Amino acid sequence: MTTFADLGLDPKVLSAVTDAGYTEPTPIQAGAIPPALAGRDVLGIAQTGTGKTASFVLPMITLLGRGRARARMPRSLVLAPTRELAAQVAANFDTYAKNTKLTKALLIGGVSFKEQDALIDKGVDVLIATPGRLLDHFERGKLLLTGVQIMVVDEADRMLDMGFIPDIERIFQLTPFTRQTLFFSATMAPEIERVTNTFLSAPEKIEVARRATTAESIEQGVVKYTATRKDRQASEKRALLRALIDGEGEKCKNAIIFCNRKTEVDIVAKSLKKYGYDAAPIHGDLDQSQRTRTLAAFRDGSLRFLIASDVAARGLDIPDVSHVFNYDVPSHAEDYVHRIGRTGRAGKLGKALTICVPHDEKWLAAIEDLVEKEIPRVESPLKGGAKARRDRDVQDDAAPAKEAPAAPAPRPRDTAADPAPTAPRTPRDRDRDRDRDRGGRNRRGGKSGRDDAVVGMGDHMPAFLTRSFKPKPDPETTEETAD
DNA sequence: AAAAAAG
């Protein structure tokens with residue numbers, strides 16, 4: 001049996017690994033570390049939760065052991081798709097490099113340049129970054145990548161999903177072709193294959209069995225739910241979520257609740273808080289300090305419910321999540337696997353419950369296709385079927401305790417979804433966002449056959465300029481038409 | 001009926 005001691009790591013690294021409580025490498029670690037230490041390129045095909053991070057951090061620290069950093073010329077570079085993942089890699093680096101003098105800088109967006117600049121100027125051994133912020137530093141002439149000896153790309157398939165591949169290719173070209181490359185992806189999409197063919201040389205390929213999608217450690221269930229009335233869908237769905245949480249009782253130590261949209265994340269978090277649940281939102285529109293604080297609180301157990309967009313679906317290592325609730329069925333089947341994979345980790349048991357409204361049935365079918373299993377149907381904890389709910393519906397607001405037994409009385413009205421206090425986004429906002437988009441990636445191509453263009457507005461004429469100024473009555477908000 | 005990433 002292989003132990004870490006057999007892998008040829010620097011003794012300082014080895015003792016840090018031992019201190020962290022590990023003796024036996026995971027398959028990806030056992031496979032990737034020896035060739036990496038031998039200076040070879042590595043192509044690792046592995047999901048998160050397989051010990052992937054240590055499989056590049058440990059050899060990297062060992063290889064960088066000799067030599068020291070020069071100003072503005074980092075000796076190695078790790079690229080991750082999200083800020084949280086980059087921060088997680090940085091934390092791993094700190095853990096395993098604690099007996100060395102190696103230095104690092106974390107270059108992510110949403111925080112000030114100042115500290116990052118100071119570190120780069122001084123010189124760091126390891127740069128851990130998201131692509132956008134890294135290129136930003138480079139373009140401002142603060143950074144030279146010609147000294148990079150080792151480059152790591154983590155979660156490449158997610159980079160692909162997020163449109164980062166052109167950035168990654170550009171960064172590759174800024175580093176010396178003699179560099180060593182360690183490249184990790186959960187899947188080998190054709191586009192990923194093309195990149196590895198271009199930038200890796202004779203890589204050692206290590207493929208680790210996909211983490212069982214329906215791990216026995218995760219109990220799964222789907223709750224089908226149909227609104228009694230269209231205009232009640234949102235608030236009933238939140239009531240159902242509360243009932244599901246309450247139904248789990250003490251067993252639900254903590255949970256991540258996934259929503260498909262950022263606005264929904266905010267609404268659900270606000271609603272749960274209103275009902276006395278210890279909940280906080282996390283998604284990409286929140287500022288970085290809040291994201292960091294919220295995640296830290298959830299990790300250390302001081303926050304019980306994390307309401308999240310898919311920013312938290314992949315890669316994040318949060319030990320001890322007892323439950324995952326999918327408030328929405330994810331529209332990409334893969335994401336389901338990633339989301340529920342946040343629970344049932346490290347030998348612990350977990351439970352994943354998914355709420356499915358009729359509109360989402362096709363996505364549910366796609367998920368069951370992917371995992372090649374039927375997810376057990378679970379009866380809705382809200383009493384009775386649709387008919388019973390319809391009958392009860394009239395006095396919904398007057399029947400407090402029934403739906404949320406654990407909620408503190410008096411039951412506040414769930415007004416989280418009421419017209420927002422902040423102004424709704426206008427087409428103009430969206431156009432401004434698109435203008436900001438860099439590289440014009442998301443820009444409309446061609447003339448799109450519009451013959452009513454307004455002179456002087458280029459391709460970015462706000463849509464409302466071509467419409468009547470008189471607002472149409474909105475069928476969604478006119479109660480009378482609901483039945 | 002999407003999220004993420006630069007500011």
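Here is how names work: the chains are called A, B, and so on, in the same order as the sequence lines, proteins then strands, and each is numbered from 1. Small disclaimer: the values here were computed from a predicted structure and weren't measured.
We find that CZ of Phe258(A) is positioned 14 Å from C1' of dA4(B), with the value rounded to whole Å. Taking atom CZ of Phe113(A) as the reference point, atom C1' of dA5(B) lies 12 Å away to the nearest angstrom. Rounded to an integer number of Å, the gap from Leu160(A) CG to dA3(B) P is 19 Å. For Glu155(A) and dA5(B), the CD to C1' distance is 15 Å, given to the nearest whole Å. Regarding Tyr327(A), its OH atom lies at a distance of 14 Å from the C1' atom of dA1(B), rounded to whole Å. Look at CD1 on Ile108(A): it is 9 Å from P on dA5(B), rounded to the nearest Å. As rounded to whole Å, 11 Å separates atom P of dA2(B) from atom NZ of Lys362(A). In this structure, the CG atom of Asp287(A) is 12 Å from the P atom of dA5(B), given to the nearest Å.
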query = Which is it for Phe184(A) and Phe56(A) under the side-chain contact (heavy atoms from CB on, under 4.5 Å) test, yes or no, and what are the steps along the way?
reply = CA-CA 9 Å; Phe184(A) 295 86; Phe56(A) 60 79; 3.5 Å; yes

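Nucleic acid contact class of Pro81(A) (heavy atoms, under 4.0 Å, all strands): sugar-phosphate only. Using a 4.0 Å heavy-atom distance criterion, Asp161(A) is classed as a base contact. Within 4.0 Å of Thr130(A), counting heavy atoms only, lie sugar-phosphate atoms of the nucleic acid but no base atom. Residue contacts for Asn260(A): at a heavy-atom cut-off of 4.0 Å it reaches the sugar-phosphate backbone alone, with no base atom in range.
Side-chain to base pairing of His283(A) with dA4(B): no donor and acceptor N or O lie closer than 3.5 Å to each other. With hydrogens and angles ignored, a donor-acceptor pair under 3.5 angstrom links the side chain of His332(A) to the base of dA2(B).
Not a single ring pair (Phe, Tyr, Trp, His ring centres under 6.0 Å) links Phe93(A) to another residue, sequence neighbours left out. Looking at residues two or more places apart in sequence or on another chain, you find no salt bridge (Lys or Arg N to Asp or Glu O under 4.0 Å) involving Arg70(A).
For dA4(B), neither phosphate oxygen OP1 nor OP2 lies less than 4.0 angstrom from any side-chain nitrogen or oxygen of Arg158(A). For Arg339(A), no side-chain nitrogen or oxygen approaches OP1 or OP2 of dA3(B) to under 4.0 Å. An OP1 or OP2 oxygen of dA4(B) is reached within less than 4.0 angstrom by a side-chain nitrogen or oxygen of Ser309(A).
Which of dA1(B), dA5(B), dA4(B) sits closest to the side chain of Arg291(A) comes down to dA5(B).
Nearest-nucleotide assignment on DNA chain B puts the 5′-proximal partner with Gln233(A), out of Gln233(A) and Gly284(A).
Ring geometry for His323(A) versus Phe325(A): interplanar angle under 30°, hence parallel rather than tilted (30 to 60°).
Contact check on Glu368(A) versus Arg377(A) returns a salt bridge, with a Lys/Arg side-chain nitrogen under 4.0 Å from an Asp/Glu carboxylate oxygen.
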